[in-house]
Chemist: 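Just passing along the structure, written as structure tokens.
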Amino acid sequence: MAKGQEQAAPDAVPTRIGQVVMLHHAGDREEARHRFLALWEEIGEQGDPLHRCTLAHYLADTQDDPAEELAWDLRALSAAEELTEDRLADRHEAASAARALYPSLHLNLAADYDRLGHCEAARLHLRRARIAAESLAPGRYGAGVRASIDRLELRLDGLDGPGGRDGSDGTEGWGRPPRQGP
């Protein structure tokens, strides 16, 4: 590809992440995990922070082990912080995208810590999720994130009804906010 064309070409990574997200939502969790991991290897630990944040955020949901899910959610938060801590972040479009993910990132971490039995860490991230959610625009995504925060708070307070952690009381997905598209 010619140098000029390379610069003008749109960023294909979000599209590729979105394709794997669709695969995951269609029910092929294992294949999605393998494809996400291959894309992670391609991007690398030093790749674009927004790509790493988005990819790790979605990759966490494909994990079977709660500790692995936590590790990927922590990677997502770390990449988001790289973007927002950058001195030029206010001028960087990706920084605002990362800030929009903060409520979901912290909510996922709260749910991860709760599943692992770390109640104080769960409550800390739930508080951070609630504070970050104040900046979300009205609409389905923001309402869904706020509802997920409320459900997890009820869960942590032991007020979620007879089903407990397994969601058998109809609260399945209590700790999972809706995802924004990549």
Side-chain angles (χ1 to χ4, degrees), residues 1-65 68-112 125 128-129 131-146 148-149 173 175-182:
M1 183 179 279
K3 190 173 186 175
Q5 288 176 324
E6 191 175 302
Q7 291 175 347
D11 184 356
V13 173
T15 300
R16 292 172 64 198
I17 292 171
Q19 290 168 340
V20 180
V21 168
M22 289 190 299
L23 179 68
H24 181 228
H25 288 170
D28 199 343
R29 183 180 177 144
E30 187 174 336
E31 180 63 22
R33 180 175 43 243
H34 291 299
R35 290 187 188 190
F36 278 142
L37 287 169
L39 189 51
W40 182 265
E41 288 298 317
E42 187 179 316
I43 292 170
E45 292 283 338
Q46 303 304 314
D48 181 289
L50 184 59
H51 292 165
R52 287 185 290 116
C53 175
T54 306
L55 182 55
H57 189 50
Y58 285 105
L59 203 140
D61 290 343
T62 67
Q63 302 304 305
D64 296 324
D65 177 2
E68 284 297 313
E69 185 172 359
L70 172 62
W72 284 107
D73 281 329
L74 287 169
R75 285 180 185 103
L77 180 61
S78 177
E81 288 172 343
E82 282 180 44
L83 283 167
T84 57
E85 289 174 358
D86 183 350
R87 288 184 184 184
L88 302 176
D90 290 333
R91 289 183 267 156
H92 195 278
E93 184 178 301
S96 62
R99 278 191 288 274
L101 283 173
Y102 273 123
S104 182
L105 294 171
H106 283 293
L107 179 57
N108 286 347
L109 286 165
D112 295 342
H125 283 282
R128 290 177 180 172
I131 290 167
E134 291 174 4
S135 66
L136 291 175
R140 281 182 58 186
Y141 176 73
V145 169
R146 288 181 193 95
S148 293
I149 290 169
R176 287 286 161 238
R179 299 285 192 186
Q180 286 184 321

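If you read the sequence from its start, that first residue is 1, and numbering goes on from there. Keep in mind it's a predicted model, so treat the numbers as computed, not measured. The figures here come from the full heavy-atom set of this structure, side chains too, leaving out hydrogens, waters and symmetry mates.
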Chemist: With heavy-atom distances below 4.5 Å as the criterion, would you say the side chains of Leu77 and Asp73 are in contact?
Modeler: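 Contact flag for Leu77/Asp73 side chains = no.
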Chemist: For residues Val20 and Ala32, report the shortest heavy-atom separation together with the two atoms involved.
Modeler: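 Here Val20 and Ala32 meet closest at CG1-O, 3.4 Å.
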Chemist: Taking atom CE of Met22 and atom CD1 of Ile17, what is their separation to the nearest 0.5 Å?
Modeler: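 So the CE of Met22 and the CD1 of Ile17 are separated by 12.5 Å.
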Chemist: Measure the CG-OG1 distance between Leu59 and Thr54 for me, rounded to the nearest 0.5 Å.
Modeler: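 The distance works out to 12.0 Å.
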Chemist: Atom CZ of Arg33 and atom CZ of Arg29: how far apart are they, to the nearest 0.5 Å?
Modeler: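 So the CZ of Arg33 and the CZ of Arg29 are separated by 6.5 Å.
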Chemist: Measure across Ala132 and Tyr102 and return the closest heavy-atom pair with its distance rounded to 0.1 Å.
Modeler: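 Nearest heavy atoms, Ala132 then Tyr102: CB-CB, 3.9 Å.
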Chemist: Have Asp112 and His125 got a donor and an acceptor in their side chains that come within less than 3.5 Å?
Modeler: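 No, no side-chain donor-acceptor contact under 3.5 Å.
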Chemist: Going from CG on Asp61 to CZ on Phe36, what distance comes out if it is rounded to the nearest 0.5 angstrom?
Modeler: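 Atom-to-atom, Asp61:CG and Phe36:CZ are 8.5 Å apart.
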Chemist: Could you walk me through whether Leu55 and Ile43 pass side chain to side chain contact (heavy atoms under 4.5 Å, CB included), step by step?
Modeler: CA-CA 10 Å; Leu55 182 55; Ile43 292 170; 3.7 Å; yes
Chemist: Could you pull out the closest heavy-atom pair between Pro103 and Val145, with the gap in Å?
Modeler: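 Shortest heavy-atom contact: CB-CG1, 3.8 Å.
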Chemist: So, the side chain of Arg146 versus the backbone of Gly142: is there a donor-acceptor pair under 3.5 Å, distance only?
Modeler: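 Present.
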Chemist: If you measure from SG on Cys53 to CG on Leu101, what distance do you get to the nearest 0.5 Å?
Modeler: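 Cys53 SG to Leu101 CG: 5.0 Å, rounded to 0.5 Å.
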Chemist: Taking side chain to side chain donor-acceptor pair (under 3.5 Å) as the definition, give me every residue that meets it alongside His24, ordered by chain and number, with sequence neighbours left out.
Modeler: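 With neighbours one apart ignored, the set is empty.
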Chemist: For Glu42, is there an ion pair with Arg16 - N to carboxylate O distance below 4.0 angstrom?
Modeler: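 Between Glu42 and Arg16 there is a salt bridge, with a charged N closer than 4.0 Å to a carboxylate O.
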Chemist: Is His51 close to Trp40 at the side-chain level, that is, under 4.5 Å between some pair of heavy atoms?
Modeler: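 Trp40 does not reach His51 side chain to side chain.
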Chemist: Looking at residues at least two apart in the chain, or sitting in another chain, which of them share a side chain to side chain contact (heavy atoms under 4.5 Å, CB included) with Ala129?
Modeler: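 Result, side chain to side chain contact (heavy atoms under 4.5 Å, CB included) vs Ala129: His106, Leu107, Ile149.
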Chemist: Looking only at atom types and distance, does a side-chain atom of Ser78 sit under 3.5 Å from a main-chain N or O of Leu74, one as donor and one as acceptor?
Modeler: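 The answer is no, because no donor-acceptor pair under 3.5 Å joins these two groups.
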Chemist: Measure the spacing between CG of Leu39 and CZ of Arg52 and express it to the nearest 0.5 Å.
Modeler: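 If I round to the nearest 0.5 Å, the distance is 12.5 Å.
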Chemist: What is the minimum heavy-atom distance between Ala76 and Ala56, and which atoms define it?
Modeler: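 Smallest heavy-atom distance, with atoms named: N-CB, 3.7 Å.
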Chemist: Looking at every heavy atom in both Ala79 and Pro49, which two are closest together, and how far apart are they?
Modeler: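 So the minimum-distance heavy-atom pair works out to CB-O, 3.4 Å.
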Chemist: With a 4.5 Å cut-off on side-chain heavy atoms, are Gln19 and Leu23 touching?
Modeler: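 Leu23 vs Gln19: side chains apart.
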